[in-house]
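See structure below.
For the single chain, residues carry numbers from 1 onward in sequence order.
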Amino acid sequence: VTARSLVCGLDVGGTNVRGLAFDPAAPTEAGIERRVPTPYTATDLLSAIVGVVHGLAEAVEADGDEIGSAGLGIAGLVDRSGRLVFSPNLPGVHDEPLRDELMRELGLPVIVENDATAAAWGERVAGAGMDVDEMILITLGTGIGAGIVAAGNLVVGRNGFAGEAGHMVVDPAGPRCPCGRRGCWERFASGSGLGRLGREAALAGRLGSVVASLGNDPEQVRGEHLTKAAADGDPEALAVLEEFAWWVALGLANLTHILDTELIVIGGGLVSVGDLLLDPVRRSYVELLYASDRRVPARIEPAVLGEDAGAIGAGLLAAR
Ligand SMILES: [Zn+2]
């Protein structure tokens, strides 16, 4: 038996640092996994990542294999040299040359990329976008992440900051965003945006059964209350979900106007709502799309790699 050269894919989230060791030729075969809680200082974060990679390397070597490179995806602005400029999850870690530090500590080739960009590559190579050259991945979670594949290549941009679709302004008079602007798409179309739409509806006297189940306090309405009530067939919750779907579709149509994409893959926590959300998104998307009767509109499909997408994509980028 010859030793295989595996890759280590890492996903640094707000809660966990997660690492997968896998064969880049078979990325969806079950690999070996390690996870530790995410620390909030740069020094502790580096040691945690190095610890995960060392743990995986030991496990892999016990099978006679080795780790040849490592790729890391992390939320926030990552520049083209693999420096984490800013991360919304880790306000204490900024301007950190993560790639250089990890290469020095690990003695391996390392890449560092934005987590949604890495996840887009994972879905493109091994998930919903296999063999699709024009693809966008959108993750709908607390915020919105995006990764763009055009002409078969990952789009990273001049600074490495391409794909900040969540901060595309869709209403200049809209609610304030932590980024300093008003009316960013993620204020409307993320999981927290769904919660906000729900609270507005509840304060306007709608969503009677949802509010009743929350001690009659409209301020308690969160996205998950709405999606659950909608899944149970509550017509008022379905109506709010339909409004939410319009906001999701607005951003997807805007992105299509720029990129004329073939496939839009939806990932993140909200994808678990399934066609209950995606069907109204698809309907509004075609209504909002310029020249929709003269083009093949993008297909809108759920992500298939789930929470592994970022780690798999980062590992595949490192293996390139
Ligand atoms: Zn913003």
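A donor-acceptor contact shorter than 3.5 Å links the side chain of R295 to the backbone of Y290. The closest donor-acceptor contact from the side chain of R199 to the backbone of V221 lies under 3.5 Å.
Hydrophobic clustering (ILVMFWY, side-chain heavy atoms < 4.5 Å, transitive): I266 and L289 are in one cluster.
Electrostatic pairing of R34 and E58 does not count as a salt bridge here, judged by no charged N lying under 4.0 Å from a carboxylate O. Taking the charged nitrogens against the carboxylate oxygens, R182 and D171 have no contact shorter than 4.0 Å, which rules out a salt bridge. A salt bridge is defined here as a Lys NZ or Arg NE, NH1 or NH2 lying under 4.0 Å from an Asp or Glu carboxylate O, and D232 with K228 meets this definition.
Aromatic ring orientation, W247 versus F188: parallel (interplanar angle below 30°, classes split at 30° and 60°).
Of the residues L259, I258, L263, the one that meets the side-chain contact (heavy atoms from CB on, under 4.5 Å) test with I136 is L259.
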Would V17 and V52 count as a side chain to side chain contact (heavy atoms under 4.5 Å, CB included) if you check the C-alpha gap in whole Å, the side-chain angles of each, and the deciding distance to 0.1 Å? CA-CA 8 Å; V17 175; V52 166; 4.2 Å; yes
Could you check R206 against E243 for salt bridge (charged side-chain N to carboxylate O under 4.0 Å, His left out), going step by step and ending with a plain yes or no? CA-CA 13 Å; R206 299 163 60 197; E243 288 168 32; 2.8 Å; yes
Run the side-chain donor-acceptor check on residues 296-320: report pairs under 3.5 Å with partners two or more places apart or on a different chain.
residue: E307; atom: OE2; partner: R35; partner atom: NH2; Å: 3.3
residue: D308; atom: OD1; partner: R18; partner atom: NH1; Å: 3.3
residue: D308; atom: OD1; partner: R18; partner atom: NH2; Å: 2.5

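Between V112 and V110 the shortest side-chain heavy-atom distance falls below 4.5 Å. Side chains of N114 and E164 form a contact here, defined as non-hydrogen atoms less than 4.5 Å apart.
A donor-acceptor pair shorter than 3.5 Å cannot be found between the side chains of S87 and N89. A side-chain donor from one of T256 and Y285 sits under 3.5 Å from a side-chain acceptor of the other. In summary, the side chains of T43 and T41 do not present any donor paired with an acceptor at a separation below 3.5 Å, with no hydrogens or angles considered.
Residues satisfying the side chain to side chain donor-acceptor pair (under 3.5 Å) criterion with E105, sequence neighbours excluded, are absent altogether. A search for salt bridge (charged side-chain N to carboxylate O under 4.0 Å, His left out) contacts involving D65 returns R4, not counting sequence neighbours. For D279, the side-chain contact (heavy atoms from CB on, under 4.5 Å) partners two or more places apart in sequence, or in a different chain, are D275, R282, R283. Take R196 and apply the salt bridge (charged side-chain N to carboxylate O under 4.0 Å, His left out) test, not counting sequence neighbours, and it matches E200.
Hydrophobic cluster of M130: no remaining members, since no ILVMFWY side chain lies below 4.5 Å from it.
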